[in-house]
Asks: 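The structure under discussion is supplied below as structure tokens; questions concerning it will follow.
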Amino acid sequence: MNGETVKRLYDRALCAVFPRRCLYCGVPIVPERTVCDDCRAHLPRISAPICPLCGHQKADCVCKQHKLQFKAVCAPFYYEDAIRTAVYRYKFENKDFLASDFARDMATTVRREYAEMQFDCVTFVPFTKKQLRTREWNPGETLAHALSKELDLPCCTLLEKLYETESQHTLSARARTGNVFGVFEACNLQNVQGKTVLLVDDIKTTGATLSECAKMLKFGGAEAVYAVTFAVTRRKAKEKRPADEIG
């Protein structure tokens, strides 16, 4: 009996006691798989070519080349369907073990979209001390550490969050920028100055948080900041009335 066969038998025995579950929705699945058929069929992948300014597929881009403070952003998935469920399980059901699986998909996207880049380190959107006491962990930080292992880069704490803010997901797109304005500060400047930094978060919606963090890293002396998230929220173009109906 070879080693691979022994491993399969061990996995089956283990799963008889602790059933393996789909990474995304959590339903029980057979030992040889990590994702259920339904989720696999509906993963909303973001395929190249993408818009580097918003992270959408070029066909879905509605950002009108509106520049933010980071050089570019990318993500493997849209924040929809099974991905939305997975992120909820990760962030709010404390399934921190999902970070390693998320990071593998993110690393594949980073290697594809930032193939020419030489990053010095990975960093993350920070929590305040109060947030850490309440939540006990920062999902973005855990994700950054997992991604740094995939990319063989150091993970450094380069930002501090100075003030409490309202949750971004509760605010309108217009209010999000003001909500995070001035709340971050660069720290550990010896690891910032002259460096090309990969900034990590779990979800990008408007990009306001990532942009504010990138701005402060640049104020701290970073050469360039690129962003990567596990998912981006797909934004739809506003419906326009025909010209003869306006006015």
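Count residues from 1 along the sequence. Worth knowing before you read on, the calculation uses all heavy atoms, side chains too, and leaves out hydrogens, waters and symmetry mates.
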Asks: Rounded to the nearest 0.5 Å, how far apart are CG of Leu199 and CD of Gln69?
Replies: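 The CD atom of Gln69 is 12.0 Å from CG of Leu199, to the nearest 0.5 Å.
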
Asks: Quick check against the 3.5 Å criterion: does Tyr78 have a side-chain atom that pairs as donor or acceptor with the backbone of Ala231?
Replies: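 Not a single qualifying donor-acceptor pair exists.
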
Asks: Kindly say whether Gln190 contributes a backbone atom to a donor-acceptor pair with the side chain of Gln193 at under 3.5 angstrom?
Replies: no

Asks: Can you tell me if Ser148 uses its side chain to pair, donor with acceptor, with the backbone of His145 under 3.5 Å?
Replies: yes

Asks: Please lay out, stage by stage, how Cys22 and Val35 fare under the test side-chain contact (heavy atoms from CB on, under 4.5 Å).
Replies: CA-CA 5 Å; Cys22 173; Val35 181; 4.1 Å; yes

Asks: Does Arg104 have any salt bridge (Lys or Arg N to Asp or Glu O under 4.0 Å) partners at least two apart in sequence or in another chain, and if so, which?
Replies: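 With sequence neighbours excluded, Arg104 shows a salt bridge (Lys or Arg N to Asp or Glu O under 4.0 Å) to Asp101, given in chain and number order.
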
Asks: Got a salt bridge between Glu223 and Lys195, using NZ or NE/NH1/NH2 to carboxylate O under 4.0 Å?
Replies: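 The answer is no: the pair does not qualify as a salt bridge.
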
Asks: Would you please indicate yes or no on a ring centroid separation below 6.0 angstrom for Trp137 and Phe92?
Replies: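 Not close enough - the centres of the two rings lie 6.0 Å or further apart.
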
Asks: Side-chain contact, heavy-atom cut-off 4.5 Å: Met106 with Leu143?
Replies: yes

Asks: Measure from the side-chain N and O atoms of Thr229 to the backbone N and O of Ala75, and report whether any donor-acceptor pair falls under 3.5 Å.
Replies: no

Asks: Should the ring pair Tyr114 and Tyr226 be called parallel, tilted or perpendicular, given that the plane angle runs from 0 to 90° and is split at 30 and 60?
Replies: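 Rings of Tyr114 and Tyr226: perpendicular, over 60°.
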
Asks: List the steps, then state whether side-chain contact (heavy atoms from CB on, under 4.5 Å) holds for Leu151 with Arg111.
Replies: CA-CA 9 Å; Leu151 298 175; Arg111 294 185 186 107; 4.1 Å; yes

Asks: Are any of the side-chain heavy atoms of Leu162 and Thr128 separated by less than 4.5 Å?
Replies: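 No. Closest side-chain heavy atoms not under 4.5 Å.
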
Asks: Test side-chain contact (heavy atoms from CB on, under 4.5 Å) on Val87 and Phe230; report intermediate values, then the result.
Replies: CA-CA 9 Å; Val87 171; Phe230 179 60; 3.7 Å; yes

Asks: Look at the side chain of Thr196 and the backbone N and O of Ala224, then say whether any donor-acceptor pair between them is shorter than 3.5 Å.
Replies: no

Asks: According to a hydrophobic-cluster definition based on side-chain heavy atoms being under 4.5 Å apart (Ile, Leu, Val, Met, Phe, Trp, Tyr only), do Phe184 and Phe127 belong together?
Replies: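 Each belongs to a different hydrophobic cluster.
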
Asks: About how many Å separate SG of Cys36 and NE2 of His42, when rounded to the nearest 0.5 Å?
Replies: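 One gets 10.0 Å once the value is rounded to the nearest 0.5 Å.
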
Asks: Donor-acceptor pairs under 3.5 Å, side chain of residues 44-59 to any protein atom, not counting sequence neighbours: which ones?
Replies:
from: His56; atom 1: ND1; to: Cys54; atom 2: O; distance (Å): 3.4
from: His56; atom 1: NE2; to: Thr233; atom 2: O; distance (Å): 3.4
from: His56; atom 1: NE2; to: Arg235; atom 2: N; distance (Å): 3.1
from: Gln57; atom 1: OE1; to: Ser47; atom 2: N; distance (Å): 2.8

Asks: Quick one: does Asn188's side chain have a donor or acceptor within less than 3.5 Å of a partner on Thr157's backbone?
Replies: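 Answer holds: yes.
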
Asks: Please walk me through it: do Lys218 and Val225 pass side-chain contact (heavy atoms from CB on, under 4.5 Å)?
Replies: CA-CA 7 Å; Lys218 291 195 296 183; Val225 181; 4.2 Å; yes

Asks: Hey, could you give me the CG/OG1 distance between Asp201 and Thr123, rounded to the nearest 0.5 Å?
Replies: 11.0 Å

Asks: Is the backbone of Val125 close enough, under 3.5 Å, to the side chain of Asn138 for a donor and an acceptor to pair up by distance?
Replies: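 Pair found, side chain donor or acceptor close to backbone of Val125.
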
Asks: Measure the CG-CZ distance between Leu189 and Phe219 for me, rounded to the nearest 0.5 Å.
Replies: 13.5 Å

Asks: What's the separation between atom CE in Met117 and atom NZ in Lys71, rounded to the nearest 0.5 Å?
Replies: 8.0 Å

Asks: Could you check if a side-chain atom of Leu153 sits within less than 4.5 angstrom of a side-chain atom of Val122, using non-hydrogen atoms only?
Replies: yes

Asks: With Pro76, which of Val232, Val110, Thr109 fulfils side chain to side chain contact (heavy atoms under 4.5 Å, CB included)?
Replies: Thr109

Asks: Where the side chain of Arg135 meets the backbone of Lys130, is there a donor-acceptor pair that is under 3.5 Å apart?
Replies: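 Not a single qualifying donor-acceptor pair exists.
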
Asks: Does any non-hydrogen side-chain atom of Phe102 lie less than 4.5 Å from one of Asp202?
Replies: no

Asks: Report yes or no: do Phe97 and Ile83 belong to one cluster of Ile/Leu/Val/Met/Phe/Trp/Tyr joined by side chain heavy-atom distances under 4.5 Å?
Replies: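 The answer is yes; both residues are in one hydrophobic cluster.
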
Asks: Measuring from atom CG of Leu68 to atom SG of Cys213, what distance do you get when rounded to the nearest 0.5 angstrom?
Replies: 12.5 Å

